[in-house]
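What follows is a set of notes on a single structure, which appears directly below.
Computation of the quantities below employed the complete heavy-atom set of this structure, encompassing side-chain atoms and omitting hydrogens, waters and symmetry-equivalent molecules. Proteins come first, then strands; the chains are lettered A, B, ... in the order of their sequence lines, and each starts at number 1.
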Protein chains: 2
Amino acid sequence: MRKMGDDCCDMRGFLGFLILFLLSKKAMHGQELADELAKRKGEKPSPGTIYPAIKGLKEAGFLEEQKEGKTITYSLSPQGKNALRIAKRRFTRTFLGVFP
Amino acid sequence: MRKMGDDCCDMRGFLGFLILFLLSKKAMHGQELADELAKRKGEKPSPGTIYPAIKGLKEAGFLEEQKEGKTITYSLSPQGKNALRIAKRRFTRTFLGVFP
DNA sequence: TTATATATATCGGACACCCAATAGATCAGT
DNA sequence: ACTGATCTATTGGGTGTCCGATATATATAA
């Protein structure tokens, strides 16, 4: 059984969803995403977390990328926008009333 | 790698959080919780999902229970309310802007 | 050119989440 | 008492999520 302290769960999951959401606001490269996730979740995801997540979204056809030197800037493809729309609807229904 | 269809993720996780939230609205027993989760997530969690989750919250001291016949009605303990408050704050910060 | 910093990427494994199957316990109706 | 329905509960295992360690590539500075 998982250990619990003051908190009820470790808020795992939804990483791919959050990445899609963040990219819908602004095109970013991997490190920018990691920094933004750090602000929101309180802890910066490791490279072994962020890059496989990006890869999965890329392989699903949800991302467009623009390479410039060592950085790769990602944005949402049309399929990515559609996937985000569907996921947002489900997310909203699931957590209806949780937000203040 | 996980398979992806139209959607970006399978919305796993946060079951304990959702249970705490639902119990903060209304005391319920296990089956009521499962039905409410079915309405929100679109699929009713199996007994092997809901009861271990309840057990974990109970062992963490987050729940008070009132047995009456075969049903056990759960409500939040003071620690449970506190845990929910903390988790809600984190949840809100993490998913800020996702809600319409 | 060497050194350092930054960005990207992969691999192995730990752990959490959840389900299917199964079983015990209690109640209602016949 | 018997049957079926409902609620609770456990076990075993599959799968996804994530991290630590490590490696590669590119840019900047001395």
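A:Lys44 is not listed as a side-chain neighbour of A:Leu37, based on a closest heavy-atom distance of 4.5 Å or more.
As judged by a 4.0 angstrom heavy-atom cut-off over every strand, B:Gly48 is placed among the base-contacting residues. Residue A:Thr49 is in base contact, counting any heavy-atom pair closer than 4.0 Å across all strands shown.
Nearest nucleotide to the A:Lys70 side chain, out of C:dA7, C:dA9, D:dT8: C:dA7. Comparing C:dT10, D:dA9, C:dC18 by their closest approach to the side chain of B:Leu15 singles out C:dC18. Nearest nucleotide to the A:Ser46 side chain, out of C:dA9, D:dC18, D:dG20: D:dG20. The side chain of B:His29 lies closest to D:dC7 when the candidates are C:dA7, D:dC19, D:dC7. Distance from the side chain of B:Pro47 is smallest to D:dA9 among C:dT8, D:dC7, D:dA9. Looking at the side chain of B:Gln31, the nearest of the listed nucleotides C:dT8, D:dT8, D:dC19 is D:dT8. Taking only side-chain atoms of B:Lys58, from C-beta outward, the nucleotide of C:dT10, D:dA9, D:dT10 with the closest atom is D:dA9.
Put simply, the side chain of A:Arg90 never gets that close to the backbone of B:Lys41: no donor and acceptor are under 3.5 Å apart.
Contact annotation: B:Lys55 side-chain N/O to D:dT10 OP1/OP2 distance is under 4.0 Å.
With rounding to whole Å, A:Ile54 atom CD1 is found 15 Å from D:dT17 atom P. Put simply, CD on A:Glu43 is 13 Å from C1' on D:dG20, counting in whole angstrom units. With rounding to whole Å, A:Met28 atom CE is found 12 Å from C:dT8 atom P. Remark: C1' of D:dC7 and NZ of B:Lys44 are 10 Å apart, rounded to the nearest angstrom. With rounding to whole Å, B:Ile72 atom CD1 is found 13 Å from C:dA25 atom P. Atom CD1 of B:Ile19 and atom P of C:dC17 are 11 Å apart (whole Å). The CD-C1' distance, from A:Glu59 to C:dA9, rounds to 12 Å in whole Å. Distance, B:Ile50 CD1 to C:dA16 P: 19 Å, rounded to whole Å.
Both A:Pro45 and A:Glu68 sit near DNA chain D, but only A:Pro45 has its closest nucleotide nearer the 5' end.
Here CG of B:Leu57 is found 12.0 Å from CD of B:Glu65. Values are rounded to the nearest 0.5 Å.
Of the charged side-chain nitrogens involved, none lies within less than 4.0 Å of a carboxylate oxygen, so that A:Glu36 and A:Lys26 do not count as a salt-bridged pair.
Across every non-hydrogen atom of B:Tyr51 and B:Gln31, the tightest pair is OH-NE2, 3.1 Å.
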